[in-house]
Amino acid sequence: MSTPHLAKHQQLGLTDAQVLSMYTLMLTARKFDERATLIQRSGKTAFHISSIGQETAQVAAAFALEKQHDYFLPYYRDYALVLSVGMTVRELMLATFLKGEDINGGRQMPGHFGYRKHHIVTGSSPVSTQVPHAVGIALAAVMKQEDRVAFVTFGEGSSNQGDVHEGFNFAGIFKLPVIFMCENNQYAISIPAHRQVAGRIVDRAAGYGFPGVRVDGNDALEVYGAVKEARNRALRGAGPTLIEAMMYRIPPHSTADDDMQYRTRDEVEYHKEQDGIESFRRYLFECGVLNEELDRSVNEDVMREVNEAAKYADKAPYPEPESALRHVYAKDGGA
Amino acid sequence: MSTPHLAKHQQLGLTDAQVLSMYTLMLTARKFDERATLIQRSGKTAFHISSIGQETAQVAAAFALEKQHDYFLPYYRDYALVLSVGMTVRELMLATFLKGEDINGGRQMPGHFGYRKHHIVTGSSPVSTQVPHAVGIALAAVMKQEDRVAFVTFGEGSSNQGDVHEGFNFAGIFKLPVIFMCENNQYAISIPAHRQVAGRIVDRAAGYGFPGVRVDGNDALEVYGAVKEARNRALRGAGPTLIEAMMYRIPPHSTADDDMQYRTRDEVEYHKEQDGIESFRRYLFECGVLNEELDRSVNEDVMREVNEAAKYADKAPYPEPESALRHVYAKDGGA
Amino acid sequence: MAILTYLEAIRAGMSEEMQRDEGVFVLGEDVGKGGVLNATKGMRDRFGERRVLDTPLSESAIVGVAIGAAMVGMRPIAEIQFADFIFPATNQIISEAAKIRYRSNNDWFCPIVIRVPYGATGGGGLYHSQCPESVFFGTPGLKIVAPSTAYDAKGLLKASVRDDDPVLYFEHKKCYLYISDDVPDEDYTVPIGKAAVKREGDDITVIAYGMAVHLALKAAEQLEKEGISVHVLDLRTLHPLDQSAIFEATAKTGRILIVHEDNKTGGIGAEIAAIIAEHLLYQLDAPILRFCPPDVPAVGMAPTLEKFFLPNVDTLKEAMRRLAEM
Amino acid sequence: MAILTYLEAIRAGMSEEMQRDEGVFVLGEDVGKGGVLNATKGMRDRFGERRVLDTPLSESAIVGVAIGAAMVGMRPIAEIQFADFIFPATNQIISEAAKIRYRSNNDWFCPIVIRVPYGATGGGGLYHSQCPESVFFGTPGLKIVAPSTAYDAKGLLKASVRDDDPVLYFEHKKCYLYISDDVPDEDYTVPIGKAAVKREGDDITVIAYGMAVHLALKAAEQLEKEGISVHVLDLRTLHPLDQSAIFEATAKTGRILIVHEDNKTGGIGAEIAAIIAEHLLYQLDAPILRFCPPDVPAVGMAPTLEKFFLPNVDTLKEAMRRLAEM
Ligand SMILES: Cc1ncc(C[n+]2csc(CCOP(=O)(O)OP(=O)(O)O)c2C)c(N)n1
Ligand SMILES: Cc1ncc(C[n+]2csc(CCOP(=O)(O)OP(=O)(O)O)c2C)c(N)n1
Ligand SMILES: [Mg+2]
Ligand SMILES: [Mg+2]
């Protein structure tokens, strides 16, 4: 039975405040990302890897999950995801600037998240290693009889690592509460998806006996719905779900990449126009959650936060050199 | 258009002589295997791993391929396969007895095949490593513009290794001439397939954009037809095929295993009755290729060959101790 | 106190830890039926199939899943069926387990135990006999233990489970039934990082671990009759090495022979020789010798090849005599 | 003769071998566009996309496919994008490539080259700076080279391609643009297994490879003014080690410092120290020292952490002075 008086997000169980907050987080991620890119260009930082074009799906997924309760295993482009589950822009900026106060002590490349308090599981560079970890976390949830899911993301290129397949099979056999979300941004560095992925990623789920769903990653509500349903499935013991969220990597792979070597400006421009944040904004206008004035103030707030975070992180000190010796093992005091 | 006057094997393009030869090879593998098991029990050898229940599919597959032309990447149960593509029982017995004259110099466990002359690619124990090798051989065939396929087998348990997935994807992208055949004998040591494999192996092919076919591994002609078709596909540049041949591992995993710890005698007895050699024999009787007398003489020939091979290998000398130092690198003369 | 085999001691260690702590569980291929080498025999009946978990045939997933579970509070013991099959899990071990605490600046940690049955037992051939410990040895963030007695096997197993960092537990397959000794019923641990003097002696020092310790002890006993007095140090832990015990044992005789079943080049013996040559050079009365199999990929299957490859008491005695006379 | 960068020399080596032999081809992630580090730049235009083959993101398949192709007559050069990402391919390298000739009793062999860009360049952090050579060092059946000059980079690349066994080719990323030297246009190879004396000296001997060679040479130059004469040996090949060159260089001064960027424990320096302590103990005038980064999992990303971790000319000079005065 349809409920014609409710807006689409309300039908999905999202309040107006929630969708506004989603919009704010998408913007925050975007503005953080643009700033981090500029900072890198200015020479203040060595490296940035961008999530522009992927924020919509990340925020939407996060809102379908439970903060500080479910476990999150992001990959390196998931700024919007980690912001949505509890990290602050200041924390992201501290990581960007590699400062001592960064939760990882300035040790990791930017985009390598980890924050126990927020259930953001520590990640590394070798792609896809997090997939079996998510399966293990889901297994632990079942063993402890806790009502939690593990949510893990990875790129479409990374889906070709053996660990993804082994994780899928393991989770499939034990019907574990894990959600696999592939952020298919159509490139793995220079390699387009069709030269990287034989068949379709979404179709791989069937080979492991669980559902695969392909969604438009630029459509926040579609992603939200798919993740919500996957979470419900997981919690009622029906096992994992694979979600393939289709999107497009707007920027080059990283600040070290020149994407004009392997794609055209036209192609990029075309995809810029499909921007999920912009269409979500339009949707919010249409259903009256957002108006020009509110939008302006949201934008101002976001910019202020980004500015303050950048200023703070820029000034913060680097980690102590000797701190390099700490935390190899449990007891402190060096290697 | 059906050709009612032709027997099924003739419709598939197999001559009477060929199917008789197939039957002989199945029997040879079976008798070799039974003898090797006895030899192990007598204490003369340390270990045997058996292929009983899998011979039919192996021989059928081999006949759909081209000896000393296509490449064969068997796994450790493929005695019938390697016999069909050129190895002799004597050679298998030399490997069983670990004698110096063995093609591998007594270095490898029995069942670890390799014979360049016959295009049998050297194998190891860690399961599934041969899958990417087959893909590489298929790639080389394409690069050299040779009309060859690589044929690789693996167990259903082994299908869960990351290498299988990576190999599938690689082959799928470049549409390489490789045939993947899973010998699903329903156990991986003690673990039944349903606790080992989520979903169905045959369904995994779709996720890589190539066809998967499930066949009755006890039906020689069905297997032959599927492999033949896969080879044609491969050679016309249409890419890989996955064949899942359903069968049953009649003996324990190896002579070191007690299968009554995890399955029942009844279950095993039930599957013994489905023996593919027996039904192929009945088929050959029905279509007049075989009769009691011929069958007796085939059996006698096979037994003679096995007896002589066992006697020869038993008497042959072990490898020279110092030969352990040879062939680490290209130039001879030790490590 | 009871006499247990090394294999029983490992099983007792696992079972007692599972009894003590709900978070401890075992996972691996065929562990439910007891494992192909019987280490977990009877444990599924006692603890249920959830806690003695049969996994798919995927070493990378076994270790990766264990890591995930460990990060959220479990204490998994992952079994690799044979050491030779640990390599598919290398990335999870070296890139992940070893670096989780360090990269997260102590925010996350990874208390897993990986049991690795290693070494030749006779008739195992190239891929059921390997000693891959040197592959992981140079990786800070990992701990590596390798007991030689039933007592140490149980005590180190328990210490490994309770350790807050990843431990590779190398159990020598030849010790399983071949070695038995007194094992207390009470709870005890053997500290990670401590070697043990197995025999006092004055002429030469043998440093070893795993099966090689027993070869060394037997050889030492026999050499005593020839008037050669041998000091034997059992490393027990390979990473971190017990430097002070190594230095003491070195100082005792000034003549060092390192013995292991892993091939010589790049083995753990190299590091031991190196730290001695760095710190105790002037206490040496002879070159530092290593007695190990030749640098070939692994042991051949035929009995002649295996015998040629493996150290034995006689060949070891020869090496020890040579050192004593140097 | 022309002055080439180390990176250009690698590219020239690959291109010339591809020109010479149809069987040679390059495969790896993003190699088509030139690779993320530009090693294969322009090669697709010249040789076509079949022979400069972009692969899926799967290191185990990259190596496994290369092995398959090599076994049937091709000469693949597999690129691992960063050394830190070699671990998923460990099983294919150690269980397969290294053992194919041995296990088949010389019936099959596996002539692959695996290019492994390693080492810290500044701002690479834990997973874009590693030196994983010690993981593979103890594996008979593999060869490992690690050039430090453009001349050697090209010569060893060609020798590796022509070698009938698997070669891990460790190319230090910091050398790529930082190092340039004379490289002949003509065909030449640098033999695998031969070290090179880079500087003659009488007081102390430094043994190094990769970037550490350049640090050592710079330090040696500066120490000369202080009256310390330094002998520098560049290993060039790590496996098999050039024992006689190591022994000669040791005998020259009797004071040995081994330098590498891989962490100390279990590094290749350990084996070098061990063979010296075994064969040349009595020629030593001082303990054998190793100068390497601390035993932490990898270099941190923040500049302060990186600087603390990495050897540099000043800290190296200190170590050299200490040794000279011992
Ligand atoms: C095991 C491994 N190999 C190679 C790399 C280098 N690398 C970093 S990102 C990347 C491409 C990843 O593509 P995709 O999974 O599609 O994610 P995206 O970057 O497009 O978000 C590669 C090859 C790596 N990080 N890990
Ligand atoms: C990587 C690896 N892990 C574990 C083993 C030990 N092992 C040998 S055979 C086997 C089961 C294989 O089952 P399956 O693939 O179904 O083949 P089957 O034996 O049933 O023919 C296992 C676990 C191995 N050989 N390789
Ligand atoms: Mg992508
Ligand atoms: Mg099976």
Side-chain angles (χ1 to χ4, degrees), chain A residues 126-132 135 138-139 154-178 180 182 184 188 191-214 234 238-242 244, chain B residues 126-132 135 138-139 154-178 180 182 184 188 191-214 237-242 244:
Chain A
V127 297
S128 305
T129 49
Q130 72 274 23
V131 174
V135 176
L139 176 67
F154 48 89
E156 85 292 346
S158 306
S159 75
N160 296 319
Q161 288 282 329
D163 269 7
V164 172
H165 159 87
E166 297 194 9
F168 282 6
N169 186 57
F170 199 114
I173 284 170
F174 297 109
K175 294 201 179 305
L176 297 178
V178 52
F180 303 108
C182 178
N184 187 339
I191 311 297
H194 67 94
R195 299 221 32 190
Q196 174 72 250
V197 181
R200 303 192 317 157
I201 289 164
V202 64
D203 293 336
R204 294 185 181 172
Y208 305 94
F210 56 80
V213 208
R214 195 181 245 203
T241 303
L242 169 63
E244 183 180 15
Chain B
V127 297
S128 305
T129 48
Q130 72 274 22
V131 174
V135 177
L139 176 67
F154 48 88
E156 84 291 346
S158 306
S159 75
N160 295 318
Q161 288 281 330
D163 268 7
V164 172
H165 158 88
E166 297 194 10
F168 283 6
N169 185 58
F170 200 114
I173 285 170
F174 297 108
K175 296 204 178 302
L176 297 178
V178 53
F180 304 108
C182 177
N184 186 340
I191 311 298
H194 66 92
R195 300 222 28 192
Q196 173 74 248
V197 181
R200 303 191 319 156
I201 289 164
V202 64
D203 293 336
R204 293 184 182 173
Y208 304 95
F210 55 81
V213 207
R214 196 180 244 203
T241 303
L242 169 63
E244 182 180 16

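Throughout, a chain's letter reflects where its sequence line sits, starting with A, and its residues are numbered from 1.
For Arg214(A), the side-chain contact (heavy atoms from CB on, under 4.5 Å) partners are Arg200(A), Val202(A), Glu244(A), Met246(A), not counting sequence neighbours. Considering only residues two or more places apart in sequence or on other chains, Phe168(A) meets the ring pair (Phe, Tyr, Trp, His ring centres under 6.0 Å) condition with Phe180(A), Tyr208(A), Phe210(A).
For chain A, the nearby part of Gln196(B) is the backbone; its heavy atoms alone come within less than 4.5 Å.
When each of Ala206(A), Gly239(A), Gly212(A), Gly209(A) is scored by its heavy-atom pairs under 4.5 Å with chain B, the top score falls to Gly209(A).
The minimum heavy-atom distance between Val197(A) and Ile173(B), with the atom names listed, is N-CD1, 3.7 Å.
A donor-acceptor pair under 3.5 Å is absent between the side-chain atoms of His165(B) and the main chain of Asp163(A), judged by distance alone.
Counting only heavy atoms from C-beta outward, the side chains of Arg204(B) and Arg204(A) never approach each other to under 4.5 Å.
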